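Right, one structure below, let's go through it.
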There are 2 protein chains.
Amino acid sequence: MNTELCSVFQVAAKLPKNSADDTTGGAMRADARRNRDRLLAAADAVFTERGADASLNDVAKRAEVGIGTLYRHFPTREALLGATCDERFLTLAKQSRERSASLSSIEALRVFLEELVHYAGIYQGLAASLGVVLRSGTEGCHATTAEGQRLLEAAQREGEVRGDIRLDDVVCMAMAISLSAAQDASGPKRIPRLTGMFIDGLRPPREARGTRHR
Amino acid sequence: MNTELCSVFQVAAKLPKNSADDTTGGAMRADARRNRDRLLAAADAVFTERGADASLNDVAKRAEVGIGTLYRHFPTREALLGATCDERFLTLAKQSRERSASLSSIEALRVFLEELVHYAGIYQGLAASLGVVLRSGTEGCHATTAEGQRLLEAAQREGEVRGDIRLDDVVCMAMAISLSAAQDASGPKRIPRLTGMFIDGLRPPREARGTRHR
DNA sequence: TATTCAAGCGGAGCAACCCTCCGTTTATCG
DNA sequence: CGATAAACGGAGGGTTGCTCCGCTTGAATA
């Protein structure tokens, strides 16, 4: 069915209480917590190595955990993928917030887009569902979209980006760039150039540009 | 021509002689031709119904043909997908050639991209493998990539598109737009805007633009 | 510390799918 | 009408997804 691509992360809500690094004073048994963490680490390794559709048996094996345990913690592949990426998106958002203070609005947006492209490429095949992923509502994804929205609006307020651009459009760009970069060995080297190019495309006609730089 | 273009046609050789509607005075046995046609019809039906990653056993069953026969005619899912889309891509290329005579180079490229996005959506989930499908080597896929290359080079010659853009990049844009549009109900309406946005990103900085218009 | 039991574990096992291999059938040609 | 090579078909081996259920164990309680 088509749901493979689109359903990524929809299931987010069903996950166990505590996120990977938790601290939500969990009612979770110690061995369960341990296994969950091992699974997340193993999943990250395996997905990195073999792509987002690697065998879940491999993940369980690498975690030295029964396959049943994997499915109890993460009822679907999407749930596992979601939990695995969530942390990363959390740090993406956080780092962007810190960094943006010392950058111009358009430059902050550019770096954000570039980072998004990188994150979309951490697992082979993840880029294709990036849009849905970000809409999943998990903590990290929510933080990332909120940050992107913030940067976009700031750039628009300053007249550095056309007013009719939406965050979805930026996400779509990230998908395209990531897909393009994944095609051949020289891809990664082209990311900054492609990113800069498309950010340029977002700018308004020169005569109408910039309340700040004028 | 440049090596980039070559990558688009790499796999071309492996397919059977005659394309879907053939007329290449085939050395193909009558039963083979018949089965091939039935397979194409069945594949189109099944892919339409269940998406581009439907079971190939189902396709064979619907065609009332052994699974071995399916694989002999179409060694990979992409080959089958490519052959199934072949006619459509053929018309895409043809219409683009006709249309482009009365359009500016950049506008012709924009419409081509938009059309490509539409074609990528005929089967649910086809967009995800659009790049591979276009490389399947069927006549229509070849015609479409050739046409895209032609439009791209024309726009570049006129200084309307940056020289370092490759056809692969354009295909990736189509994939991203199609995937993005497939994500929600309002998607299709956003296709023209997204397409325009990407085309804008392809243009060179304004001061360096256009040998023709000025 | 000993007892208790639900939460958690693990992996056998079934179903679905992909794809190959090879014995059988048959279209075509002389 | 043979002869023969092309084409057929589906059994079968390998992989993966996911469930189910008997066994293990953490930790609450006394």
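These numbers come from a predicted model, not from an experiment. Chain naming here is simple, since letters A, B, ... match the order of the sequence lines and numbering starts at 1 in each. What's counted below: heavy atoms across the whole structure, side chains too, no hydrogens, waters or symmetry copies.
- Summarising the geometry, the separation between CZ on R36(A) and C1' on dC9(C) is reported as 17 Å, rounded to the nearest angstrom.
- Between E78(B) atom CD and dC19(C) atom C1' there is a gap of 14 Å when expressed in whole angstrom units.
- Under 3.5 Å, the side chains of N35(A) and T69(A) contain no donor-acceptor pair of N or O atoms.
- For dG10(C), one of the phosphate oxygens OP1 or OP2 lies less than 4.0 angstrom from a side-chain nitrogen or oxygen of T69(A).
- When the side-chain nitrogen and oxygen atoms of R77(B) are compared with OP1 and OP2 of dC18(C), one or more of them lie within a distance under 4.0 Å.
- The CG-P distance, from D31(B) to dA5(D), rounds to 17 Å in whole Å.
- Atom CE in M28(A) sits roughly 18 Å away from atom P in dT25(D) (whole-Å rounding).
- The nearest whole Å value for the distance from the CZ atom in R33(B) to the C1' atom in dT26(C) is 18 Å.
- The CZ-P distance, from R50(A) to dT16(D), rounds to 8 Å in whole Å.
- Following rounding to the nearest Å, D58(A) (CG) and dG17(D) (P) show an atom-to-atom distance of 8 Å.
- Between D37(B) atom CG and dC8(D) atom C1' there is a gap of 16 Å when expressed in whole angstrom units.
- Judged by distance alone with a 3.5 Å cut-off, no donor-acceptor contact links the side chain of R72(B) to the base of dA7(D).
- In the model, R150(B) has a side-chain atom that pairs as donor or acceptor with a side-chain atom of S100(B) under 3.5 Å.
- Place Y71(B) and A30(B) on DNA chain C by their nearest nucleotides, and Y71(B) ends up nearer the 5' end.
- Remark: S55(B) is not in phosphate contact with dA16(C), judged by side-chain N or O atoms under 4.0 Å from OP1 or OP2.
- Side-chain proximity of N57(A) to the nucleotides dC8(D), dC18(D), dC9(C) is greatest for dC18(D).
- Within the 4.0 Å cut-off from OP1 or OP2 of dC8(D), at least one side-chain nitrogen or oxygen of N35(B) is found.
- Ion pairing between a basic and an acidic side chain is recognised when a charged N comes within 4.0 Å of a carboxylate O; R77(B) and D53(B) show no such pairing.
- Judged by distance alone, the side chains of T84(B) and D44(B) never bring a donor and an acceptor atom under 3.5 Å apart.
- Toward the 5′ end of DNA chain D lies the nearest nucleotide of R29(B), the other residue of the pair E64(B) and R29(B) mapping further downstream.
- For the 3.5 Å distance criterion, the side chains of S96(B) and E147(B) qualify, holding a donor opposite an acceptor.
- Residue contacts shown for I67(B) include a base, since a base heavy atom lies under 4.0 Å away.
- Put simply, H73(A) has no side-chain N or O that comes within less than 4.0 Å of OP1 or OP2 on dG8(C).
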